[in-house]
Amino acid sequence: MLYQPFILKNITLKNRVVMPPMCMYSAEKDGKVQPFHLVHYGSRAVGGVGLIIQEATAIMPNGRITENDLGIWSDDHVPGLKSIVDMIHDMGSVAGIQINHAGRKAKSGIAIGPSPITYGGDYSIPKEMTLDDIHEVVEAFKNAARRADQAGYDLLEIHGAHGYLIFEFLSPISNKRTDRYKDGKIFLREVVEAISSVWPKEKVLAIRVSAHEYVEHGVTPEMISDAINYVKDLGIDLIDVSSGGNILVKINAYPGYQLELARKVRTLTQLPVIGGGLITDLRMAEHAISRGDADLIYLGRVLLRDPYIVINQAAELGVEIDYPKAYIRGKK
Ligand SMILES: Cc1cc2nc3c(=O)[nH]c(=O)nc-3n(C[C@H](O)[C@H](O)[C@H](O)COP(=O)(O)O)c2cc1C
């Protein structure tokens, strides 16, 4: 099944392998696309990945994880981003982008968050967001979505995971507000509402979530599914299931460690999910799909080591795929 096409709205993935967003910290301070990004995403597209989701791309300068994040806070970013999209399309893959505000984990100016509680380590205490700050961020998400559409992306992924701003609102660990935003789902709903007012209905809208915080009183798969169910009527098509990132805790990671979470979220929301975590053997990806853990599988770090894993392992699994013509003489 892994090498079978997957259709979602008007996009067809040629297989079910996803490159998840991975920050490359390779932009300059202006957040603009560099030649590196074209080579990086282009290589994975040549390598046969069905869907490529571009790294966390900042919706506001003070919402960057670092000063080397890619940016989508200005119309000036659109031509560079479009060159990534065109490259991915030319190489036969589907292009997604993850948009993000890093909240209390931003290291690019004054960090903001739902409450003045630090992530710890060398992170600062964030400024508690006022209602104006909330409004400004919601508008920035909306403008980022409009620019993502202009750049030609097929899929937009809202970063609601890993302890960045949206997740900070959803977690009782980082959200101690007393106003109506004490229910973090309200902030999420405002963001999704703003985005879906500009993101075309025929394109795919996804959200990445951390389905577990691995601590007492933290977010669980049930809580996160409840939040998704609260907004899914606004047009959420796909959930990208990850975990952790909001507090400093050691995660017990082993091959496929987040698949169980993906399965739970899939069951509780009845939406298609992308699952993964330390998967390096595509037989494991195949099993996860046929068992019903996930609809799509992400391969993160292994794709940094081996951009061609999808076409190489196809040969090992005896699956015939469209091999890149220029490389046929190197085929195993
Ligand atoms: C270098 C690097 C950068 C990452 N950046 C992001 C990111 O921008 N957004 C995100 O949601 N996850 C990010 N992640 C998490 C990955 O998308 C993925 O979920 C994680 O690496 C687990 O998958 P894997 O075990 O297959 O690598 C990053 C991971 C790595 C290794």
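Values reported hereafter were calculated over all heavy atoms of this structure, with side chains retained and with hydrogens, waters and symmetry mates removed. When a ligand or atom number is given, it counts from 1 through the structure's own listing order. Please read these numbers as outputs of a predicted model, since none were measured by experiment.
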message: A quick test of your reading: do over 12 heavy atoms of other residues, nucleotides or ligands sit less than 6.0 Å from NZ of Lys250?
response: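 12 or below, so no.
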task: Using the ring pair (Phe, Tyr, Trp, His ring centres under 6.0 Å) rule, collect all pairs that involve residues 71-121, keeping only residues at least two apart or in two chains.
output: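 Applying ring pair (Phe, Tyr, Trp, His ring centres under 6.0 Å) to every pair that reaches into residues 71-121, excluding sequence neighbours, yields Trp73-His77, Tyr119-Tyr123.
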Identify every side-chain donor-acceptor pair in residues 314-322 under 3.5 Å, counting partners at least two apart or on other chains, and give the distances.
residue	atom	partner	partner atom	Å
Glu316	OE2	Lys332	NZ	3.2

- prompt: Looking only at atom types and distance, does a side-chain atom of Asn229 sit under 3.5 Å from a main-chain N or O of Asp226, one as donor and one as acceptor?
  reply: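 Judged by distance alone, no pair lies under 3.5 Å.
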field: Whether Thr269 side chain and Ser225 backbone form a donor-acceptor pair below 3.5 Å
entry: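 A pair under 3.5 Å: no.
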query: Taking only residues two or more places apart in sequence, or in another chain, which ones meet Lys82 in a salt bridge (charged side-chain N to carboxylate O under 4.0 Å, His left out)?
result: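 Partners of Lys82 by the salt bridge (charged side-chain N to carboxylate O under 4.0 Å, His left out) criterion, ordered by chain and then number, come out as Asp86.
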- prompt: What does the list of residues with a heavy atom under 4.0 Å from ligand 1 look like, ordered by chain and number?
  reply: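 Only Pro20, Pro21, Met22, Cys23, Ala56, Gln98, His159, His162, Arg208, Gly277, Leu278, Tyr298, Leu299, Gly300, Arg301 have heavy atoms that fall under 4.0 Å of ligand 1, ordered by chain and number.
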